[in-house]
Amino acid sequence: MGLDYSPSELMAVAGAREIRNGEVVAVGLGLPVVASFLAKLTHAPDMTILFELGVIDPEPRDSGVGLADPRVWYRARVLSSFVDILGAVLHKGRVDVGFLGGLETDMYGNLNTSLVGDPHGEFRHMVGSGGANDIASCAQRTIIIMRHEARKLRQTISFVTSPGFVTGGDSRRQAGLPGGPSRVITDKAIFGFDPESRKMTIVSIHPGNTVDDVVGTMGFAPLVPARVPFTDPPEASQLKMIRETIDPERMYMG
Amino acid sequence: MTKLVTLSEAVASIPSGSHVSLSGFAITRCNMAFAREVIRQQINHLTVSQCVGAMDADLLVGAGAVDRIIYGGGSLDRFGRLACVNRGIEDGSLQAEEYSSLSIAFRYLAGALGLPFIPIRSLRGSDLLRRLEERSPGDVAMIEDPFTHETWLALKPLLPDVAVVQVQVADAQGNAWIRGPRWDNTEQARASRRTIVLAEQIVEGEVIRQDPERTVIPGLLVSHVVELPFGAHPTSVYGVYDYDARAIEGYVKATREPQGIRAYLEEYVFGLKDHPAYLDKIGGQARLADLAADPVLGY
């Protein structure tokens with residue numbers, strides 16, 4: 001048995017599973033959009049989806065090119081503003097989950113979306129924060145989705161755009177920040193964070209990988225528990241929802 | 001009193017060196033016709049600010065009209081990076097003060113309310129703040145909450161000389177409706193010394209009075225009003241027209257290399273007399289009809 005699914009589909013499903021019904025979720029660009037709508041359309045019908053620019057609870061019919069595309073605002077219950085969403089909902093402390101993608105992260109879940117080195121040693125300026133820093137700073141917990149590559153999971157990132165556990169231990173709380181990253185979901189594994197050191201630790205590895213595959217393709221050594229389970233594969237109903245309803249044009253799942 | 005003027009007159013009211021707050025967000029409600037006219041009139045040494053860097057800022061930077069950008073990062077969504085802004089940051093020709101979206105919105109909000117500063121939770125523990133402390137020490141400071149004695153980051157208000165806001169509907173006095181999300185536009189207009197309203201459609205004041213709760217920008221903030229259909233092209237205006245993917249892709253291709261912007265500006269800015277000539281150039285009524293939004297979908 002076993003279903004055919006892509007690594008992106010498993011990442012979206014794993015992300016969706018992290019969301020509990022009734023939670024308020026601030027959603028960033030890309031795969032987080034698929035994961036959030038998947039949760040909403042399956043086990044979490046009462047969750048509230050927020051987009052930073054002023055959108056609450058949209059029901060898109062068509063895939064969009066990003067948060068600035070009116071396709072992703074369709075059938076929203078509220079269309080308002082940054083101050084209303086990132087301010088009166090997020091900064092106020094009403095966001096349970098921040099859902100972010102990133103270009104680079106380190107063992108403390110700090111995210112870089114600002115400066116990325118190229119092979120010639122030059123730095124390229126990228127998208128920067130948008131609402132990502134605000135979400136990472138103010139949400140009760142943050143889920144990060146990114147590709148599993150050594151150049152993305154780095155010992156030291158070039159720039160901390162959005163803080164995770166900063167330098168580990170108590171440093172995030174000392175910076176005055178609540179919450180912090182709870183999960184990092186890649187195409188090979190799911191990670192959490194050690195409650196004391198705040199270092200990234202393996203929670204499960206995706207079917208078809210070994211612990212050595214996972215650790216050997218990272219730029220730092222995560223904590224590895226004595227027993228590492230496999231991530232549950234997607235269910236047929238979840239794959240059908242992604243393929244037929246959420247992303248039929250494969251804008252996100254590529 | 002009518003504040004209706006031509007785009008050229010409204011743009012001419014902005015001296016070089018001004019701080020201009022732009023209403024665009026990535027690829028929606030960008031001040032594109034406005035930016036093209038600023039470039040035609042060779043207004044320069046501008047400071048531009050917005051919560052999310054957008055195509056209006058990128059075009060102005062590409063044309064060399066901007067010395068300084070105060071923004072929260074940005075992109076053209078899936079179409080690509082803000083190539084001109086990023087290149088300016090990389091080669092040092094553009095002074096960039098980079099925040100998060102909410103911290104820019106809070107700086108506008110403090111400006112709008114006449115507050116001396118505003119505390120915020122964002123930015124702490126990040127290199128965005130570290131860099132601001134190094135390069136813009138007058139705009140960020142750690143303070144003690146006088147009540148709880150906790151430490152907070154305080155931001156200075158943003159007080160632009162002029163906000164330029166592309167809206168769907170306004171009257172001749174500048175009372176303006178924005179349909180769809182408004183991102184930072186409400187606070188931009190209130191924080192700025194004055195606002196220029198660029199409207200897809202001008203209506204009688206009586207239409208505004210019939211539905212005043214839709215008014216996002218009161219006319220008392222507004223110095224000039226311009227009737228400017230398709231003023232955001234090639235970006236979208238919710239409920240009026242969709243973004244023009246072909247035209248945005250053309251811009252992305254043109255700005256990929258440093259010299260590419262020159263040919264783009266020749267073709268779409270300097271080579272055309274005004275906004276109507278631009279609309280003819282991109283395909284005229286036939287193309288614009290293709291982009292018209294479905295009233296139910298909004299795009």
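Lettering of chains follows the sequences in order, A, B, ..., and the numbering in each one begins at 1.
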More than 12 heavy atoms of other groups within 6.0 Å of A:Arg243 CZ: yes

Heavy-atom closest pair, residues B:Asp127 and A:Ser158: OD2-O, 4.5 Å

Engaged part of A:Ser114 at the chain B interface, taking heavy atoms whose separation is under 4.5 Å: side chain

Any side-chain heavy-atom pair of A:Arg124 and B:Asn86 under 4.5 Å: no

Structural part of B:Ile178 lying under 4.5 Å from a heavy atom of chain A: neither

From CG (B:Asp91) to CD (A:Glu122), nearest 0.5 Å: 11.0 Å

Spatial distance of atom OG (A:Ser81) from atom CD (B:Gln188) [nearest 0.5 Å]: 11.0 Å

A:Lys199 NZ: over 12 foreign heavy atoms closer than 6.0 Å: no

Heavy-atom pair count under 4.5 Å with chain B, highest-scoring of A:Leu86, A:Asp134, A:Thr167: A:Asp134

Aromatic ring pairing A:Phe82/B:Phe25, orientation class (parallel under 30°, perpendicular over 60°, tilted between): tilted

Segment of B:Tyr108 engaging chain A (4.5 angstrom heavy-atom cut-off): neither

Side chain, backbone, both or neither of A:Leu115 within contact of chain B (heavy atoms, under 4.5 Å): side chain

Under 3.5 Å: donor-acceptor pair, side chain of A:Asn133, backbone of B:Ser100: no

Most contacts with chain B, counted as non-hydrogen pairs under 4.5 angstrom, among A:Ala132, A:Ser129, A:Gly128: A:Ser129

Under 4.5 Å from a heavy atom of chain A, the part of B:Ile27 involved: both

Heavy-atom contact with chain A under 4.5 Å, split by part of B:Arg29: neither

CA sep, side-chain torsions, deciding dist, call: B:Thr28, A:Trp73, side-chain contact (heavy atoms from CB on, under 4.5 Å): CA-CA 12 Å; B:Thr28 182; A:Trp73 315 338; 3.9 Å; yes

Selection from A:Leu177, A:Asn112, A:Thr113 maximising heavy-atom pairs under 4.5 Å formed with chain B: A:Leu177

A:Val127 portion near chain B, given a 4.5 angstrom heavy-atom threshold: both

Test side chain to side chain contact (heavy atoms under 4.5 Å, CB included) applied to B:Ala176 - qualifying residues, sequence neighbours left out: B:Val167, B:Ala170, B:Val197, B:Ile217

Part of residues 63-71 of chain A lying next to chain B, heavy-atom separation under 4.5 Å: A:Val65, A:Gly66, A:Leu67, A:Ala68, A:Asp69, A:Pro70, A:Arg71

B:Asn185 portion near chain A, given a 4.5 angstrom heavy-atom threshold: neither

A:Asp62 and B:Tyr299 side chains, donor-acceptor separation under 3.5 Å: yes

Interface residue of largest heavy-atom contact number with chain A, from B:Ile104, B:Thr151, B:Leu123, B:Asp184, under 4.5 Å: B:Leu123

Interatomic spacing from OG in B:Ser101 to CD1 in A:Ile135 - rounded to 0.5 Å: 9.0 Å

Close side-chain approach of B:Phe106 and A:His91, heavy atoms under 4.5 Å: yes

Greater than 12 external heavy atoms within 6.0 Å of A:Glu196's CD: no

Heavy-atom closest pair, residues B:Glu90 and A:His125: OE2-N, 2.6 Å

Sorted by number, residues from residues 145-157 of chain A in contact with chain B (heavy atoms, under 4.5 Å): none

A:Pro178 side chain near B:Arg121 side chain, heavy-atom distance below 4.5 Å: yes

Top contributor to chain A contacts, counting heavy-atom pairs under 4.5 Å, from B:Leu129, B:Ile120, B:Leu82: B:Ile120

B:Thr186 vs A:Val83 side-chain heavy atoms within contact, under 4.5 Å: no

Heavy-atom contact with chain A under 4.5 Å, split by part of B:Leu297: both

Non-hydrogen side-chain atoms of A:Leu53 and B:Val52 separated by less than 4.5 Å: no

Residue-level contacts of residues 136-143 of chain A with chain B, using a heavy-atom cutoff under 4.5 Å: A:Ser137, A:Cys138

Partner chain A: residue of B:Asp77, B:Leu128, B:Leu153, B:Val296 with the largest heavy-atom pair count (under 4.5 Å): B:Asp77

Toward chain B, the part of A:Phe159 with a non-hydrogen atom under 4.5 Å: both

Interface residue of largest heavy-atom contact number with chain A, from B:Ala105, B:Gly72, B:Ala293, under 4.5 Å: B:Gly72

Interchain contact, B:Val216 with chain A, by part (heavy-atom threshold 4.5 Å): neither

Most contacts with chain A, counted as non-hydrogen pairs under 4.5 angstrom, among B:Leu76, B:Asp242, B:Leu109: B:Asp242

Over 12 non-hydrogen atoms of neighbours within 6.0 angstrom of CZ in B:Arg190: yes

Side-chain heavy atoms of A:Pro163 within contact of B:Arg124, under 4.5 Å: no

B:Trp183 side, atom CH2; A:Asp84 side, atom CG - distance, nearest 0.5 Å: 14.5 Å

When B:Gly239, B:Gly298, B:Gly125 are compared by non-hydrogen pairs under 4.5 Å with chain A, the top option: B:Gly125

